[in-house]
Undergrad: 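Handing you this structure, nothing more for now.
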Amino acid sequence: MTEPTSVKTNFIRQIIDEDLRTGKCTQVATRFPPEPNGYLHLGHVKSVYLNFGIAEDYQGNCNLRFDDTNPHKESMQFVESIMEDVRWLGFYLGERIYYASDYFERLYEFALELIDQGLAYVDDLTSEEIREYRGTLTKPGRESPYRNRTPTENRDLFQRMRNGEYLSGTKVLRAKIDMESPNINLRDPVLYRIRHEVVHHQTKANWCLYPTYDYTHPLSDALEGISHSLCTLEFEDHRPLYDWVLEHIRVPHRPQQIEFARLNMEYTILSKRKLTQLVENGIVEDWDDPRMPTVAGLRRRGYTPTALRTFAHRIGVTKSDSIVELSMLENCLREDLDAHAPRRMVVLNPLKLIIDNYPKEQVEYLDAPNHPKDKTLGTRKLPYGREIYIDKADFCEQAPKNYKRLILGGEVRLRNSYVVRCDTIVKDDQGEIQELHCCYDPETLGKNPVGRKVKGVIHWVAASHAIPMEIRLYERLFATATLESSKNIPKNKNSKDNNSKDEDNPLIANLNPDSLIVLTQALGEPSLATTQPEARFQFEREGYFIRDKLFGPEGRPVFNRAVTLRDTWAKIKTP
RNA sequence: UGGGGUGUAGCCAAGUGGUAAGGCACCAGGUUUUGAUCCUGGCAUACCGAGGUUCGAAUCCUCGCACCCCAGCCA
C-alpha cells in the first residue's frame, strides 16, 4: 500500500509508548467499532486509520467490531458496506470481524453478576419518569422506588425480561451507582432494555433484551483483549462508567479508553444522523452520491484510498476541536492523481474550429504521452483532422490583459499538436459564435515556431473521432462553511413530518444549488470510449475525473469530476 | 449557574524548562507544449489574557476569559 511515510506521533501513541515502557501493556490491540446504521464517512476514515495504523505499527491487532446493540436502526446493508469500505481503504480484515451481539449471552451472565452483588436492579419506571428522576445538570437526581429490590427479586425479574414476559419499554435493568453524581452518566444508567418489535440482523429473534452501549462497550473490549479503546471526545464523560463496569465485573482483561477529537470539515456534515436525512429525503441520490462525504461517495467521486489515508495522516489526532479546510483533502487527491492518473483531452463546452489549410478528409495520428513525467505510462495515438473542437472558454473576442488563449489574429498551441492562428469568426443571427476559421503551421509539430513565441496551449478533440460524453461537475454540497444552528435539525430522522418547513432545516436551507452541474455536450478523445468504471484520468487543463458506473443518454459514458486542477488564472481573472 | 474537556499563524499541527517543526492556504520569482506539476524564497519577536516562579517559560504556579460536550430505554 502506498503510504504517507513520515512517522507522525500523537498523544495516543505517546500513551501507548509509555504503557509499553512501564509494562502496563505488553501487546497492543485496538478496535474499530462502527454501529451498522449508516455508511462510513470521512470521520470514520480518521478512526480507521488511527486504529488500524496503530495496530500495524505496534505489531498488534485491530478488530472490526460491529456495535450492534440497537437493532432498531441497523441492517445488513450497512454491515456489508462497512466491510467493503474498510477493505477498499486498504486495511486487511482477515478473520478479525466481530459483533457485539456475539457476546449477548456472556453479557447477560455478567449482568447477573452485577445483580448478585446488589449493583444492578430492575426498574419499572417509565422512560419519562426515569428522565424526571434523573434531575438536571445542576440538580441532583432522586432514587427510583424500585431501587432497593433484592438480588433474588432482580434475578427473577431480569430472567423474565429475557423470556419475553414484559412489554417493550416497561422494564429496564439499571446500574446502581449514584443518583446524586455530578456526572449524569453515573445516575443509575440503563444497562438493558426490552425491544420486541424488531428482528436483529445477527441474532434474529433470539433476544428481546438488548444491552446499551455503555454496558456493552467496555465488556466487549475486555473480552477481545483490547488494550487501548479509542473513541471520540463526547464519550469522555462516559469513561467513569466504562471503568465502573470493568471494576465490578470479573473480566479477563482490563482495557483503557482514550478519547480524541472527532473530525469536522468545512462545507460538509459528518454526522450519520444528518447524512441519513440527506439520503432519506432524496436530497442526494444515495449513500454513494459523489457529493456525500461517505467513503462510498468519495470513492465514486474519484478519491483514492491513498488520498484518504494521506489525509487522515496529515490532519493528525488531538483533543482540540477543529474544522479542517477542504483544500487539505483536495490537495491529497491532486497529489496522488497528479503522479498516477493518465492524461486525456476532453472538451467540456465545444466550439468548432476549422483549419482551412488542412486537406479535407485527411486524418493524421499524432503521438501523445499519457503522462508528462512518467514515461512508463506510455503514449497513445491522437487523430487530428481539418475540423476540431476546442473549449468555448479558450477563445475570446475581447480578451482581458494577459489572456494566453486563442484570440482573433492570434496564435495558440494545440496541445500535443500544431500551432494554429485564428483568421475569421463565423457568427449566427444572434451574434453567437458558430465556428472559428484558422490556419495551422505544419512546421510546429513537436517544436516551437522560429521567430515568435506562442505562449498559450489549449486542448482539443478531432471532430471526426470525438466521442460524446456526459460530464458531471461536482462542488461542495453546502454553500456555507458551517451549518450554524444545526442543533435545530429535528432529531426525528423521518423529518418530512409535522410542520417543519424546508427553510427551517439548515440542512436544506444551506444547500449549494450548484453542487452538481451536468454537461451533456462534452466531447472526448477516442481512447476514452473503452474505459472501465472507476478508471481515473486527468482531463488536461480541467481536472481529475473518474468513469462512473452509470451511462448517460444514448449510452454515453459518464465521468465525474473529482477535483479541479489548481487554477491561478481563475484567481487573476476574478480576484 | 453542576460535571467533563480544549485554547500555538487564515486552516490542521509539532513542541513535554534552553530561546516557535512540518503540511494546507496565501504571496513573490524560475522552469514548462496543461495558467497544472516541479523548483526557489517569503509567511508567529511569539503561543487565549493578566500576574508570578526561574539565569531562562508555549511548557511550571495563580487568577481570569473564550469555546466545545453531557440531562436517549441512541451510539
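A, B, ... follow the sequence lines: proteins, then strands. Residue 1 opens every chain.
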Undergrad: In terms of base orientation, is B:G64 syn or anti, with the syn window spanning 90° either side of 0?
TA: anti

Undergrad: What is the pairing partner of B:A46, taking Watson-Crick or G-U wobble pairs with both distances under 3.5 Å in any strand?
TA: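 Paired with B:A46, as far as the under-3.5 Å criterion goes, is no nucleotide at all.
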
Undergrad: Using a 4.0 Å heavy-atom cut-off, does A:Asn416 contact any base of the nucleic acid, only the sugar-phosphate backbone, or nothing at all?
TA: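 A:Asn416: base contact, heavy atoms under 4.0 Å.
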
Undergrad: Confirm from the modelled atom types if A:Gln538 and B:U34 form a donor-acceptor pair under 3.5 Å, side chain to base only.
TA: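 Pair found.
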
Undergrad: Within the structure, does a side-chain N or O atom of A:Arg187 lie under 4.0 Å from either OP1 or OP2 of B:G2?
TA: no

Undergrad: Which base, if any, makes a Watson-Crick or G-U wobble pair with B:A57, both distances under 3.5 Å?
TA: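 B:A57 is unpaired by these criteria.
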
Undergrad: Taking the six-membered ring for Trp and the single ring otherwise, decide whether the centroids of A:Tyr192 and A:Phe158 are under 6.0 Å apart.
TA: yes

Undergrad: Answer with base, sugar-phosphate or nothing: what part of the nucleic acid does A:Pro33 contact at a heavy-atom distance below 4.0 Å?
TA: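 Counting heavy atoms under 4.0 Å across all strands, no contact is made by A:Pro33.
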
Undergrad: Classify A:Gly456 by what it touches in the nucleic acid, base, sugar-phosphate, or nothing, heavy-atom distance under 4.0 Å.
TA: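 No contact.
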
Undergrad: So what does A:Arg413 touch, heavy atoms closer than 4.0 Å: a base, only the sugar-phosphate, or nothing?
TA: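 Base contact.
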
Undergrad: Going by purine N1 to pyrimidine N3 plus the second Watson-Crick contact, or the G-U wobble pair, all under 3.5 Å, which nucleotide sits opposite B:G35?
TA: none

Undergrad: Distance criterion of 3.5 Å, no angle test: do you see the side chain of A:Arg541 paired donor-to-acceptor with the base of B:U34?
TA: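 No such pair is found, so the answer is no.
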
Undergrad: Would A:Trp569 pass as stacked on B:G35, i.e. its ring centre under 5.5 Å from the base's six-membered ring centre and planes under 30° apart?
TA: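 Stacking between A:Trp569 and B:G35: present.
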
Undergrad: What string of B, S and - do you get for nucleotides 4-18 of chain B, 5' to 3', when a contact is any protein heavy atom under 4.0 Å?
TA: SSS---BSSSSSB--

Undergrad: Base, sugar-phosphate, or nothing for A:Ser181, non-hydrogen atoms under 4.0 angstrom?
TA: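 Contact class for A:Ser181: none.
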
